[in-house]
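Some notes on the structure that comes next.
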Amino acid sequence: MSIARRLLSTALALFALPVLLLAVWWGYTLGGSSFFVPEPVQLADTFVNTWITGERLTEDVLPSLQRLVLGLFLAIVLGVLLGLLVGLNKTARSLTEPVFEFFRALPPPVLIPVLMLTIGVGTEMQVAVIVSGCLWPVLLNTIEGVRGVDPVQSETSRAYGITGFSRIRHQLLPGAAPPIMAGVRQTLSIGLILMVISEMFATSSGLGFTIVQFQRSFAIPEMWSGIVVLGMIGVALSFIFQFVERRVLRWYHGLKEVENAA
Amino acid sequence: MTRGSRGRPRSGDPAWRAPLLGLAGIAGSLLIWELLPRAGVIDGRYLPPASEVIAAAIGNLGSSIFWSDVYDTMLAWAVGLSLAALTATATGLLVGMSPFLRRYTHSTIEFLRPIPSVALIPLAVLLFGIGIESALMLIIYACFWQVLIQVLYGVADVDTVAMNTARSYGFSPLQRVRDVVLPTVLPYFMTGIRLAAAVALILAITAGLVIGSPGLGSAISRAQQGGAITGMYALILATGILGVLINLAARWVERRALSWHTSVRAELAA
Amino acid sequence: MQPDPEDASPAATSGPAGATLPDEEALLRVRGLQKIYPADAGPVEAIRDLTFDLGRGELTCLVGPSGSGKTTLLKCIAGLMSTSDGDVALGGKTITGPPKNMAVVFQEYGRSLFPWLRVGANVELPLKNAGTPRARRKELVDEALEAVGLEHVHKSYPWQLSGGMQQRVAIARAIAYQPEVLLMDEPFAAVDAQTRADLEDLIRSVWKKLGVTILFVTHDIDESVYLGQRVIMLSSSPTVIQDDIAIDLPAERTQLETRSDPRFTELRHHVYEQIQQAKQGFRPRGA
């Protein structure tokens, strides 16, 4: 009984507000009075027809996602590797810091016209845009993480002969993981922004392009369904990240809890 | 000396070393940028040498069109950021202080927050066209969540003992907010503002680039379409410098606010 | 100048050099060690001139007033810090970097254990890194954790344990590494008194069981006399050896009986006097 009640109460907490919001939305569109806002059932119908049973899934959504995943992967790997190299060397750190800060501060979308010029329009350009925008948070956070590694941990490594690659793997990377993960979190949302607007800007396929096409032809329910797809990708990325982060940094959250309790 | 020698021995680096190396890094990067097109590694039509771009950027400083673009971008940035900060702080305090609201809004917030604000671009265009309102809509949506989440963290961090003490001394709810909640939330709020300030600039520029809202973004887009490549790079350089200035200012304000905060707390503790 | 290693009378001061041994008995030799730090206001001489030997299987304590460069000396011996002059040799080979057959236990146990590894993995990591086969690794880890009385916490994270238990894990990691020399840098300075007494007895029992050579740095005079077969006292900075005495207490020591032994009191008194003199700036002959 009490388990059932607790489940019910949790379900209520999870779904009460979303259901309420849906009801308000439905009520608002009931008379068909709004040009800009489709009614919920119609939107769901359009969503299925446009994105699930249509060709858009394989022709627009999947290629966009592939570019996003490839770009994010390259940016993270490159950022961590470069960050280790620079972070371990004090001179390299001082030398590069202002330049890297400039690139971090540069709003990433301005890279799109630059890369359109130097690389040309196409998949390579879109991946390059994602990499060159997403690199900086990971890179700078890795440098910060490596710089902030505990000197006692480093001496322990040396005393026990844990050096070179082994030290990177067993001490530096895990030790710097909390700031690196914070950088990755920032990078995910930048990557999604760049994926969408690079497609709005300069291609003839992809999610961003399709959604803008819908808007220009005043296909309002389709446009909204595209916004829903982007929202779902954002939510999915965020959940995947949270899942991974909770595993990778389980020790860190536990440690913080102990420290805060003290 | 044992205590002193416990840390690393001083490496003997003078204080001016790091800034000097930083300047050398900037100079080196500019030199590479200058040489790449001059040596023909990259076509000079696509990447003009640094000297030409810098000259154009300095030339911009005397141009009223440039300053009006900067003004438009910064107006959208400032208005968007302020409105987002106000609404997010009010919402955050309200939701954060009520266990009921916290519990019942959690799933909705976690679901709406990761939606990329650029997904709203088509809607903004439909509703507002190329006006500044389009840029504001994107900026407010993106910044709202950044600040809201931090304020929620801040309210969750409020010391229950302090809160109960205030209650037992008969503080009114308003006094409790002012004297207990706000001081705890302040550092979190400042972190949210610092993050949101950078995000707001990104979206102000994006709105210009993609929608054509007035400002540096649309100026870059115009320069690119008009083939004024050097001018385009000069504008990009300007947005980068704007970004650096915003970051520096945000960090400065955050530090000021926090140092005030800790010093006040230290005084109370003493 | 040459002190007599046999002279264990606490009344006799043995001079600026510590006890040296014939080649075949010495495991660790420290000769004319000097350490000068560069600093903004010019170089600082932390250690002036240290010479002593550690015999194979000896348990030696190193005490000195705060600021006497104990940690610096230990880091030079561990190969974690270069010397400015003189040299340190282990088994006849000059130390230039951390040697394989040496293990260090640091004072800051909370920062020396890796918080992302569980207790078992922390103890195992140096072995894994050295390429010890898996089965042997498991054996060594189990033995080491058992030796420090922690066979039940394999799967815990270090930060889930109390301070004393964390330092036990650090000791287990050092034991599992099977070093010939174990260096300990004020390992119990940050634990409470009761735990400290338990850990002292743990060190004595591990030392007897494994026959490892231990250099134990402490600022606690009672601890040095209770633990050591020998106590080296350092002067204040720039550091030389103030005195070097043998502790002729019985091999079986217990907190209650040993500490109330009149001989313990005598030795303690002597070490205390030397440290007080060192603090007041009195330096042995020739330094």
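Basis for what follows: all heavy atoms, side chains included, without hydrogens, waters or symmetry-related copies. The model shown is predicted, which means the values in this text are computed figures rather than measured ones. Just so we're on the same page: letters track the sequence lines, and every chain starts at 1.
- Heavy-atom distances place no part of A:Glu97 under 4.5 Å from chain B, backbone and side chain included.
- Interface check for chain A: of the options B:Gly243, B:Pro122, B:Gly25, the most heavy-atom pairs under 4.5 Å are formed by B:Pro122.
- Of the atoms belonging to A:Phe218, it is side-chain heavy atoms, and not backbone ones, that fall under 4.5 Å from chain B.
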For this session: Kindly determine whether B:Arg222 and B:Met232 satisfy side chain to side chain contact (heavy atoms under 4.5 Å, CB included), including the steps that lead there.
Result: CA-CA 8 Å; B:Arg222 275 198 311 275; B:Met232 180 190 88; over 6 Å; no
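- Among the candidates A:Leu12, A:Thr118, A:Leu21, A:Leu237, the residue making the largest number of heavy-atom pairs closer than 4.5 Å to chain B is A:Leu12.
- A pairwise comparison of heavy atoms in A:Leu192 and A:Gly234 identifies CD2-CA, 3.6 Å as the closest pair.
- Comparing A:Phe239, A:Trp224, A:Phe103, A:Phe15 by heavy-atom pairs within less than 4.5 Å of chain B, the highest count is held by A:Trp224.
- Most heavy-atom pairs under 4.5 Å with chain B, from the set A:Val152, A:Ile190, A:Leu188, A:Val99: that is A:Val99.
- Of the listed residues (A:Val196, A:Val110, A:Val229), the greatest number of heavy-atom pairs within a distance under 4.5 Å of chain B belongs to A:Val110.
- Counting heavy-atom pairs closer than 4.5 Å to chain A, the top residue among B:Leu112, B:Leu245, B:Val118, B:Thr105 is B:Val118.
- Within the 4.5 angstrom heavy-atom criterion, atoms from both the backbone and the side chain of A:Val235 approach chain B.
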For this session: Test A:Gln215 against A:Met200 for side chain to side chain contact (heavy atoms under 4.5 Å, CB included), laying out the working first.
Result: CA-CA 11 Å; A:Gln215 173 242 312; A:Met200 288 178 173; over 6 Å; no
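- Note on A:Pro109, A:Ala13, A:Gly231: by heavy-atom pairs under 4.5 Å with chain B, the leading option is A:Ala13.
- Both the backbone and the side chain of B:Ala18 have a heavy atom closer than 4.5 Å to some heavy atom of chain A.
- For A:Glu259 and A:Lys256, the salt-bridge test passes: some basic side-chain N is under 4.0 Å from an acidic carboxylate O.
- Applying the 6.0 Å contact sphere to OH of A:Tyr252 captures no more than 12 heavy atoms from other residues, nucleotides or ligands.
- Taking each heavy atom of A:Glu101 and B:Val244 in turn, the nearest pair found is O-CG2, 4.3 Å.
- The most heavy-atom pairs under 4.5 Å with chain A, out of B:Thr108, B:Ile241, B:Leu235, come from B:Thr108.
- Heavy atoms only, all atoms of each residue included: B:Leu203 and B:Ala142 are closest at CD1-CB, 3.1 Å.
- Contact count against chain B (heavy-atom pairs under 4.5 Å) is highest for A:Leu95 among A:Leu230, A:Leu95, A:Leu17, A:Leu106.
- In terms of heavy-atom pairs under 4.5 Å with chain A, the best-connected choice from B:Leu120, B:Leu209, B:Ile26, B:Leu195 is B:Leu209.
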Exercise. Could you walk me through whether A:Ser157 and A:Gln171 pass the side chain to side chain donor-acceptor pair (under 3.5 Å) check?
Worked result: CA-CA 7 Å; A:Ser157 286; A:Gln171 189 216 332; 2.8 Å; yes
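- Annotation: maximal heavy-atom pairing with chain A below 4.5 Å, among B:Leu47, B:Leu123, B:Ile220, B:Ile205, occurs at B:Leu123.
- For the set B:Asn247, B:Leu126, B:Ile121, B:Leu201, the count of heavy-atom pairs under 4.5 angstrom toward chain A peaks at B:Leu126.
- B:Arg113 touches chain A through its side chain: at least one heavy atom from C-beta onward sits under 4.5 Å away, while N, CA, C and O do not.
- Counting only N and O atoms by type, the side chains of B:Asp157 and B:Thr184 include no donor and acceptor under 3.5 Å apart.
- Within 6.0 Å of atom CZ in B:Phe128, more than 12 heavy atoms from other residues, nucleotides or ligands are found, so the atom counts as buried in its surroundings.
- Looking at B:Phe100, neither its backbone nor its side chain comes within 4.5 Å of chain A, counting heavy atoms on both sides.
- The residues B:Glu254 and B:Arg251 are annotated as not salt-bridged, no charged nitrogen and carboxylate oxygen being separated by less than 4.0 angstrom.
- For chain B, the nearby part of A:Ile220 is the side chain; its heavy atoms alone come within less than 4.5 Å.
- Heavy atoms of A:Val114 lying under 4.5 Å from chain B belong to its backbone as well as its side chain.
- Of the atoms belonging to B:Thr239, heavy atoms from both backbone and side chain fall under 4.5 Å from chain A.
- Using modelled atom types and a 3.5 Å distance limit, the side chains of A:Thr10 and B:Arg103 yield no donor-acceptor pair.
- Here the closest non-hydrogen pair linking A:Gln186 and A:Pro137 is OE1-CB, 3.8 Å.
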